Amino acid sequence: MKISKVSVYQVGLPLHEGSYNWSGGKSVQVFDSTVVRIETDEGITGHGEVCPLGPVYLPAYAEGARAGIQVLAPALIGEDPTQLAKLNRHMDTTLKGHPYVKSALDMACWDILGQATGQPVCNLLGGRYGDEFLLYRAISQEAPEAMAGKVAGYRAEGYRKFQLKVGGDPETDIERIRAVSAELQRGDVLVADANTGWLMHQAARVVRAVKDIDVYIEQPCETFEECYSIRKLTDHPFVLDENIDGLPILLRANSMQAMDVVNIKISKFGGLTKARQARDLCVSLGIAMTIEDSWGGDIITAAISHLAHSTPTELLFSSTDFNSYVTVSIADGAPQRQDGKLTASTAPGLGITPKMDALGDAVFVTE
Ligand code: MG
């Protein structure tokens with residue numbers, strides 16, 4: 001099988017809640033998502049999606065995804081999309097770095113491999129564990145009382161894991177954690193995700209001030225070393241996210257016992273092939289994971305569901321259903337949250353069919 005055509009689409013994804021706010025006053029109102037459609041000489045078509053969390057979350061931005069795909073696409077014409085490791089090596093020798101640029105292309109090739117073999121991607125990634133898997137709900141940064149006020153509604157939607165966006169003024173963040181914690185019921189899990197927003201002295205104040213609260217601390221500071229200094233100060237369960245973007249740092253962090261949970265985002269690692277490699281390593285090392293992406297619509301939610309559902313249940317800390325946060329649906333067949341849980345499709349490939357009217361005209365086509 002050979003890749004014959006690569007088409008790229010841009011789609012805006014507004015939010016039901018109007019905006020999504022996190023550390024340092026960062027905010028997105030409409031996510032800029034990129035969808036890739038790969039056609040083959042055998043008539044099988046696959047789709048992928050990449051959606052950075054704005055331009056200042058990770059070293060990734062929407063226009064950069066499209067610019068990079070435009071560089072890679074000519075090199076993919078004539079390549080076999082079902083030979084994924086080889087295809088990824090080819091992408092890496094064509095464009096050094098920029099893992100997020102490769103994510104949607106790799107995802108679309110997994111969609112093709114699944115359709116070609118009649119298997120859902122979940123099976124190809126190792127096998128399906130259980131009937132469904134658990135989701136977390138991010139609580140966008142607002143005043144402490146407003147964030148606490150969101151918990152009951154999200155719990156009514158079935159969520160039991162709440163990821164609080166902190167990483168702002170430390171005193172307000174302490175109030176945020178206390179206010180939300182007061183709303184928790186037995187069985188709920190609270191994560192305070194600072195998204196790199198605290199300096200070390202600020203993080204040190206927060207973890208000491210919430211010492212009596214059952215809360216996970218996620219990515220308090222900018223660098224791995226800064227986070228590790230806070231890890232040593234606190235006995236809260238500790239999550240690393242932004243700094244864990246490849247196998248070398250994952251292995252180093254593990255050897256230093258620098259975290260209890262890692263967050264694996266598909267595009268941060270460069271696609272399903274590399275995120276799966278990190279996932280499998282974490283399984284072997286006994287590290288629990290949140291499996292998700294930086295953001296996305298129906299196609300990314302489908303891809304997340306296949307990687308999450310093929311992760312041993314006891315090692316999957318949580319996952320995300322981004323398609324329930326946004327107002328625009330870009331594909332049929334994407335998994336839909338039920339009682340705070342998600343199930344990967346059993347259809348071949350990712351199990352989605354893009355809504356071409358929602359995607360509009362291609363931004364560019366390579367054939
Ligand atoms: Mg995080």
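If you're wondering where the values come from, they're calculated on a predicted model, not measured in any experiment. We count ligands from 1, going down the list as the structure has it; atoms in each ligand are counted the same way.
The N, O or S atom of E218 lying closest to the Mg ion (ligand 1) is OE2. Nearest N/O/S atom of D193 with respect to the Mg ion (ligand 1) is recorded as OD2. Taking the N/O/S atoms of D241 in turn, the shortest distance to the Mg ion (ligand 1) belongs to OD2.
The pair D131-K341 fails the salt-bridge criterion, with no side-chain N (NZ, NE, NH1 or NH2) lying under 4.0 Å from an Asp/Glu carboxylate O. Ionic pairing of D169 and R176 is not present here: no N-O contact between side-chain nitrogen and carboxylate oxygen is shorter than 4.0 angstrom.
Expressed to the nearest 0.5 Å, how far CZ of F317 lies from OH of Y136 amounts to 10.5 Å.
For the residue pair N195 and K165, a side-chain donor N or O sits within less than 3.5 Å of a side-chain acceptor on the partner.
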